[in-house]
Structure formats: structure tokens, C-alpha cells
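Whatever order the structure lists them in is the order used to number ligands and atoms, beginning at 1.
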Amino acid sequence: MIGKKLLDEFNAQINEEAFSAYLYLSMSAWFESVNLPGFASWMAAQSREENDHAMKFFSHILERGGKVSLEAIARPTPEWKTPLEAFEAALAHEKHITGRINGLMDLAIAEKDHASASFLRWFVDEQVEEEASTDAVVQKLLLTKNAPGALFMIDRELAARN
Ligand code: OFO
């Protein structure tokens, strides 16, 4: 059985992950609206991954005999000035999520909940990858300074992600 503190935080994390999915879906829609379908497809794939993350917390709570409690999802920002601004916002959001995951791990250890600590290990590793893949795009965009030709090349590259 999962403890009350961790249960509340895991339920809050379902909301964080659902918001992440919503935020990246909003970015996907914005990229479509500015004719960058590769960026849009990359963000749509990211959004699907975030839904999977939410479901991992959902399943873990249920498997541990806890009660899932779903809250309203906040409205995400609908538009950004440039692709760089959107990706910098995505990177800042991933850093926020990394802080959340580290806090959850600290709590699981403090509560001596070994099953939750083991479950959270996957997210600790995942956040390293999430920050790195988002930062890689930020760095490319910084190099190209939103030059149209370079944006087109990056768009084609990002389209390759499923
Ligand atoms: Fe982007 O890793 Fe979940 O939130």
C-alpha cells in the first residue's frame, strides 16, 4: 500500500504529465500553423510520450492499492514568437519536470517506499534523455538564428521522429 504523502504527489504528477502532453500538443498545433510540419510531428510524438508517462503513474498508483484522483488540466500557452522560443519553453518545462521527479524520488527514499523508488528510477533516466533531446534542438536553433533555409533543414530532420 502506498503512503498518503506519496499518493498525493503521484496524483499531482499525473496532472503534471497530462499538462506536459497538452503543452506539447499546443506546440504541435502552433508549428503546423506556421508551416513547420516536421517540428509539429516531433511535438505530437512528444505529447504522446507524455500521455504514456501519465499512464505509468496512473498504473503504479492502482497497482499499489491507491486511489487515482484526476484534476483539471491547465490551459497551455497557444503561441510562441519563434521556434526557438517554443523549444526554450519546452526545455524550461522539462527542467521543471526533472525537479519534480527528483523531489518524488527524495520522498520515496524518505518514506522507505522501495517499490516507488524503483518505479521512479525509469523517470530519473528518462529526464536525462528528455532534457538532452530538447536541448539539442535549442542548440541547433541558436546556431541557425531562425534563418528560413536552416529551419527547413531542421524541420525535415525532426520529421523523422515517430
Ligand atoms: Fe517530458 O517527461 Fe514526462 O513530463
*Give the atom name of whichever N/O/S atom in Glu94 sits closest to atom 1 (Fe) of ligand 1.*
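It is OE2 of Glu94.
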*Specify side chain, backbone, both or neither for His93, according to which of its non-hydrogen atoms lie closer than 4.0 Å to ligand 1.*
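No part of His93 comes within reach of ligand 1.
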*Heavy-atom distances under 4.0 Å are what count here, so tell me which part of Glu16 touches ligand 1: side chain, backbone, both or neither.*
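Within the 4.0 Å criterion, Glu16 makes no contact with ligand 1.
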*Are any of the N/O atoms in Gln46 less than 3.5 Å from those in ligand 1?*
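In fact, backbone or side chain, Gln46 has no N or O that close.
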*Has ligand 1 got any nitrogen or oxygen that is less than 3.5 angstrom from a nitrogen or oxygen of His53?*
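Yes, at least one N or O pair falls under 3.5 Å.
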*asked:* Show me which atoms of ligand 1 lie under 4.0 Å from any heavy atom of Ile97.
replied: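 The list of qualifying atoms is 4 (O).
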*For ligand 1, which atoms sit closer than 4.0 Å to a heavy atom of Ser20?*
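What qualifies from ligand 1 is 4 (O).
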Salt-bridge criterion met for [X] and [Y] (N-O under 4.0 Å):
| X | Y | answer |
| --- | --- | --- |
| Lys56 | Glu17 | no |
| Asp52 | Arg48 | no |
| Glu49 | Arg161 | yes |

*asked:* Whether the side chain of Gln13 engages the backbone of Ala54 through a donor-acceptor N/O pair (distance < 3.5 Å, no angle test) should be reported.
replied: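 Answer holds: no.
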_Is the ring pair Tyr24/His93 parallel, tilted or perpendicular, if the boundaries are 30 and 60 degrees?_
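If you compare the ring of Tyr24 with that of His93, the planes turn out perpendicular.
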*asked:* A side-chain contact here means heavy atoms from C-beta on lying under 4.5 Å apart; do Trp42 and Asp155 qualify?
replied: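 When only atoms from C-beta onward are counted, Asp155 and Trp42 do not touch, as no gap falls below 4.5 Å.
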*In Glu17, which N, O or S atom comes closest to atom 3 (Fe) of ligand 1?*
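In Glu17, the N, O or S atom with the shortest distance to atom 3 (Fe) of ligand 1 is OE1.
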*For atom 3 (Fe) of ligand 1, find the closest N/O/S atom on Glu50 and give its atom name.*
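Within Glu50, restricted to N, O or S, atom 3 (Fe) of ligand 1 is closest to atom OE1.
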*Answer yes or no as to whether an N/O/S atom of Glu130 is found below 2.8 Å from atom 1 (Fe) of ligand 1.*
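Of the N, O and S atoms in Glu130, at least one lies under 2.8 Å from atom 1 (Fe) of ligand 1, which means yes.
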*asked:* Between Glu50 and His53, is there a side-chain donor-acceptor contact under 3.5 Å, judged purely by atom types and distance?
replied: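 The answer is yes; a qualifying pair exists.
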